[in-house]
Amino acid sequence: MTELLNNREYKKEQLKRLLLRIHEGEDVNELKEEFRVVLGGISPLEIPIIEQELVKEGISAKDIAKMCDLHVELFREAVAGTEELEERALPDGHPLKTLYLENKEIMKDAEMLNLYARTLATTKDERMREEILGVLEEIVGNLRKVGFTHYNREEMLTFPYIERRGLTAIATVLWTKHDEIRFMVKHLAGLLRKRDRMPWEEFVERFKEKAGEASFALSDMVFRENNIYYPTLKALLSDGEWKAIRMQEDEFGYYKVNPPVWDPGEDVEPLHPWEIDPELSVEELLNLPREIQQALKGQPLEFDKSELKREGDIDLGTGYVNIEELKAIFEALPVDVTFIDRDDRVRFFSPGERIFARTPSVLGRPVQLCHPPKSVHIVNKILKAFKEGRKKEAAFWLRLGPKYVYIRYVPLFGRDGEYLGTLEMTMDIEPYKRIEGEKRLLDWRD
């Protein structure tokens, strides 16, 4: 034990000397090789301990933060060399490379979270406390975006491909871990907001503990993804599948990276999960990470071979339904819809409960004749503004007995920008005005 402590003390002194040189103005990149030698002999588990000892001895959090970036970079090089090679082999903009790059940023921020939380716990100066709290609020605010961007893209864009191939357990475990991390980071944000409602000592101890847990969970997820999940995706997904993923990524956004456009070629068609052959070949199984192969032993895969498009389905661009399903969808909507075509004639109204009565006799009728004469000139002005592209909506609301009716007109345009007609949407918003607080899916009871 004495030898271990002496060895840590020696490493700490080496790090302290290097950090003092950074504080005195030397470029951290010029000291990279010296840091490599020192950090190369330190276990990742020792880093937080040494960092905390350095904070106690007066080394600034900002200087240690510079070391954090370097530590993440050097640790990846030393421990996960194959992972770094995998990332570098991928072209810029490839969705898998983007995930790797985001994990670098997540790893840095996770370590910064732990560092600043520990620094806060030992800081006595009031002004410094406020400064550190400001940094922590920024870090936690950023880390909340991990769930909305990085994790959300994995869950919505990559999980369907492995689920289709029968690897549902992998997706389930990762999603569960993602949600645990989301909760941890949200809890940290709540602690920061409520810090004035509890004694300072209680707040900093609780925050330090929870920040340490969140930091570890984030780093652990980076390891799981980089060493197990991403190699699995690389072994299974084709360029067509990656192309489909890239086409949808911008919808969710990214964590601190801005990937360029990537396209494997015009001859490569995007492949969505429902379009792939889900069965795994022997070669694909052998290319899976060892951990996945072991987990699959004795568990036959259940490939999802269901067909998405059926005979008689209508292709709506974002899915396939038949006429009966489409009618049922319109009937269930809490809004009633009327479509007026480019010639101002009523072509369709939705079935079900309506605010204003509609019968088939209205079909084909000029919309101007569906309104009282005193308001026809307003109807014509709205339609003219829509057709000329001067207005994007016209909204009105009025009281009808116990109902508070909201009416919205929007113009519809085709792919080439041609005017197709106008959609009228009407709904009673009175019940929605009474909603307060939250009711989540897990709150449902039968």
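Heavy atoms of other residues, nucleotides or ligands lying less than 6.0 angstrom from CD of Glu202 number more than 12. In this structure, Phe183 places its CZ atom where only 12 or fewer heavy-atom neighbours from other residues, nucleotides or ligands lie under 6.0 Å away. Annotation: Lys391, atom NZ; neighbour count of heavy atoms from other residues, nucleotides and ligands within 6.0 Å does not exceed 12. More than 12 heavy atoms of other residues, nucleotides or ligands shown are found within 6.0 angstrom of CZ on Arg354. In the displayed structure, Glu418 atom CD is contacted under 6.0 Å by more than 12 heavy atoms of other residues, nucleotides or ligands. Around NZ of Lys186, the count of heavy atoms belonging to other residues, nucleotides or ligands within 6.0 Å does not exceed 12.
Asp179 contributes no side-chain N or O that, together with a main-chain N or O of Thr176, makes up a donor-acceptor pair within less than 3.5 Å. Counting only distance, with no hydrogens or angles, the side chain of Glu249 and the backbone of Ile245 share no donor-acceptor pair below 3.5 Å.
At a cut-off of 3.5 Å, with distance as the only test, a side-chain donor of Glu225 or His150 sits close to an acceptor on the other residue. Tyr230 and Glu154 are linked by a side-chain donor-acceptor pair at a separation below 3.5 angstrom, with hydrogens and angles left out of the test. No side-chain donor-acceptor contact under 3.5 Å links Asp109 and Asn142.
The two residues Lys305 and Pro278 make their nearest non-hydrogen contact at CG-CG, 3.9 Å. The minimum heavy-atom distance linking Pro231 with Asn226 is given by the pair CD-O, 3.3 Å.
Taking the six-membered ring for Trp and the full ring otherwise, Tyr432 and Tyr406 have centroids separated by 6.0 Å or more. Side-chain rings of Tyr229 and Phe159 approach one another, their centers coming within less than 6.0 Å.
The side-chain heavy atoms of Met184 and Leu188, taken from C-beta on, include no pair separated by under 4.5 Å.
One finds no salt bridge joining Asp239 and Lys243 here, because no Lys/Arg side-chain nitrogen approaches an Asp/Glu carboxylate oxygen to under 4.0 Å.
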